[in-house]
Amino acid sequence: MSDSLSRPAPSSRTVIPIAVAEESVGLYAAHQKIYPRSVSGTFARWRWALVFATQLVFYGLPWLEWGQRQAVLFDLGARRFFLFGLVLYPQDLIYLTGLLVISALLLFLFTAVAGRMWCGYACPQTVYTEIFMWVEEKIEGSRNARMRLDREGLSAEKLVKKWFKHVVWIGIGLWTGFTFVGYFSPIRELGMEFLQTRMGSWEVFWVLFYGFATYGNAGFMREQVCKYMCPYARFQSAMFDRDTLIVSYDTARGEPRGVPTKAMAAGAAARGDCIDCKLCVQVCPTGIDIRQGLQYECIGCGLCVDACNIVMDKMARPRGLVRYATQNGMAGRWTARQVLRRVLRPRVLIYTGVLLALCAGMLISLVVRTPLKVDVVRDRASLARIAEGGQLENVYRLQIMNATEQVQRYRIEASGLDGLHVASDPVVEVAPAQSRWVAVRLQLPYGAAPSGSHKVNFDVRAEGGEGGGVSEQAMFLVPR
Ligand code: SF4
Ligand code: SF4
């Protein structure tokens, strides 16, 4: 029987022949550990400057005092947020929303101008990875020493070095977790509770959670967070254009690459400036080769620029074979000045305009903001009733929130119906940055208004002027 006859007759459906490879190919590549080589240079110094600046702010801010309290505190339990002189309540959520919108716009603007430089210099993942790698290098040695240590079998030296490294990493992680929790729970009290081993279970949970997240992300996950977990890496390409600054390899100048030879030195062969030393690959924290063009894994840290500049200096060639450039700039061989001139393009101007308008709006609204909030709730337990003296009475609960740093005395008045007046104590004292619930009785002479619901106003005003005043609406019920 011929081969063709042994097969089933072709059906009306199209059968696509599948070639079966002899070797099966895995869908997932095993993770290769990256051993970045340390490098010095302009951009490495900038990275460290940013590490110091961001960590100074993060670790230092919760210890700052403002008057008698922590300067920056998000007191979730008491539902108050302190930002230096500002006291915000959940009712001020609009400011938080504004802040988030401003942050998002800033990121858009920054990405349009300078690509992933945020990732390379200031993102917490990058910053903590940098710190953890520094610790690793101090304990385990240079790139080659670390690779050797990982290759060799178990030894006392290896055990001690690894153990010491992890202890320091965990220490940094836990300190980071403690600081993070210190933004939500007064950090000095938290420190005392820790020393007296009486920290609350939620606080312990968050310190451990955040601490081990730092340890895991900066110690083990590292570049994988940037490659596979960070959503920003995925959508940023939509914000890039041909005038966005990215780290680029100058192919026209570098190729054909090759190891320099004596013949080359004599000018016998036309070779590019890249000597294929791979130093730019070895220093890359995400382990990519920038000479292969723009890759989404590139975090724009500029370390390959530093590495290549060192090589170019040694080869007595001009710096900048790998450099920050734009696609247009690279294609048109533009000067740095020409590249920078393109920064002010329409997309950047629009982002900047919207950003400035939003910032101005937020600022004005904060300046003219009344440092008093009032919530009115009808007392559901008591409907309208006849009080002493033939007065019709409605009872309310008022939450008065003092957003100043001084004790305030507030006077409560009612308006909206002839003869309406406050029958309970009209003056309420509220401590600085505190809120207080008070029961307020409104009375109206019987028969002064027809039956039904009537709109009335609570006018709450601070005595002395600086505490501000607000007017809140409520319904006054007149039964049949
Ligand atoms: S560091 Fe510069 S010269 Fe060396 S391989 Fe990279 S691009 Fe080429
Ligand atoms: S390619 Fe260069 S700029 Fe990009 S991540 Fe690697 S070292 Fe940083």
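All ligand and atom numbering here is 1-based and tracks the order in the structure.
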Do NZ/NE/NH1/NH2 and the carboxylate oxygens of [X] and [Y] come within less than 4.0 Å?
X: E405; Y: R69; result: yes
X: E152; Y: R148; result: no
X: K161; Y: E140; result: no
X: K162; Y: D150; result: yes

Legend entry - Test log, rule salt bridge (charged side-chain N to carboxylate O under 4.0 Å, His left out), inputs D243 and R341: CA-CA 10 Å; D243 290 309; R341 217 176 284 146; over 6 Å; no
Legend entry - Part of D276 within contact of ligand 1 (heavy atoms, under 4.0 Å):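 Answer for D276: backbone.
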Inset, instruction - Measure R257 to ligand 1 on non-hydrogen atoms and call it side chain, backbone, both or neither using the 4.0 Å cut-off. - result: neither
Starting from [atom], what is the nearest protein heavy atom, named by residue and atom, and what distance separates them?
atom: atom 8 (Fe) of ligand 2; value: C301 SG, 2.3 Å
atom: atom 2 (Fe) of ligand 2; value: C304 SG, 2.2 Å
atom: atom 5 (S) of ligand 1; value: K278 N, 3.2 Å
atom: atom 3 (S) of ligand 1; value: I275 N, 3.5 Å
atom: atom 4 (Fe) of ligand 2; value: C298 SG, 2.4 Å
atom: atom 6 (Fe) of ligand 2; value: C284 SG, 2.3 Å

Inset, instruction - Would you kindly specify which portion of V305 sits under 4.0 Å from ligand 2, judged on non-hydrogen atoms: side chain, backbone, both or neither? - result: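 It is neither part, as no heavy atom is under 4.0 Å.
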Inset, instruction - Select one of side chain, backbone, both or neither to describe which atoms of I299 lie under 4.0 Å from any atom of ligand 2, heavy atoms only. - result: both
Hey, which atoms in ligand 2 end up nearer than 4.0 Å to a heavy atom of [X]?
X: T286; value: 5 (S)
X: I288; value: 1 (S)
X: G300; value: 3 (S), 4 (Fe)

With a cut-off of 4.0 Å, which atoms of ligand 1 are near a heavy atom of [X]?
X: R291; answer: 5 (S), 7 (S)
X: C280; answer: 1 (S), 5 (S), 6 (Fe), 7 (S)
X: C274; answer: 3 (S), 5 (S), 7 (S), 8 (Fe)
X: C277; answer: 1 (S), 3 (S), 4 (Fe), 5 (S)

Legend entry - Over all atoms of both residues, closest heavy-atom pair of V283 and L303: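 That closest heavy-atom pairing would be CG2-O, 3.6 Å.
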Inset, instruction - Measure across M312 and D273 and return the closest heavy-atom pair with its distance rounded to 0.1 Å. - result: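 That closest heavy-atom pairing would be CE-O, 3.4 Å.
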Legend entry - W48-E130 side chain donor-acceptor pair, cut-off 3.5 Å: yes
Legend entry - Test log, rule side chain to side chain contact (heavy atoms under 4.5 Å, CB included), inputs V87 and Q434: CA-CA 9 Å; V87 184; Q434 297 288 336; over 6 Å; no
Inset, instruction - Answer with yes or no whether G302 contacts ligand 2, where contact means a heavy atom under 4.0 Å from a ligand atom. - result: yes
Inset, instruction - Would you please test K227 and E297 for salt bridge (charged side-chain N to carboxylate O under 4.0 Å, His left out) and show each step? - result: CA-CA 6 Å; K227 283 184 183 177; E297 295 97 332; 5.1 Å; no
Inset, instruction - For atom 8 (Fe) of ligand 1, decide whether C308 has an N, O or S atom at a distance under 2.8 Å. - result: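 No, C308 does not qualify, because none of its backbone or side-chain N, O or S atoms lies under 2.8 Å.
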Legend entry - Pair D276-K278, salt bridge (charged side-chain N to carboxylate O under 4.0 Å, His left out): steps then yes or no: CA-CA 5 Å; D276 206 15; K278 297 193 173 57; 3.4 Å; yes
Legend entry - Non-hydrogen side-chain atoms of P186 and L73 separated by less than 4.5 Å: yes
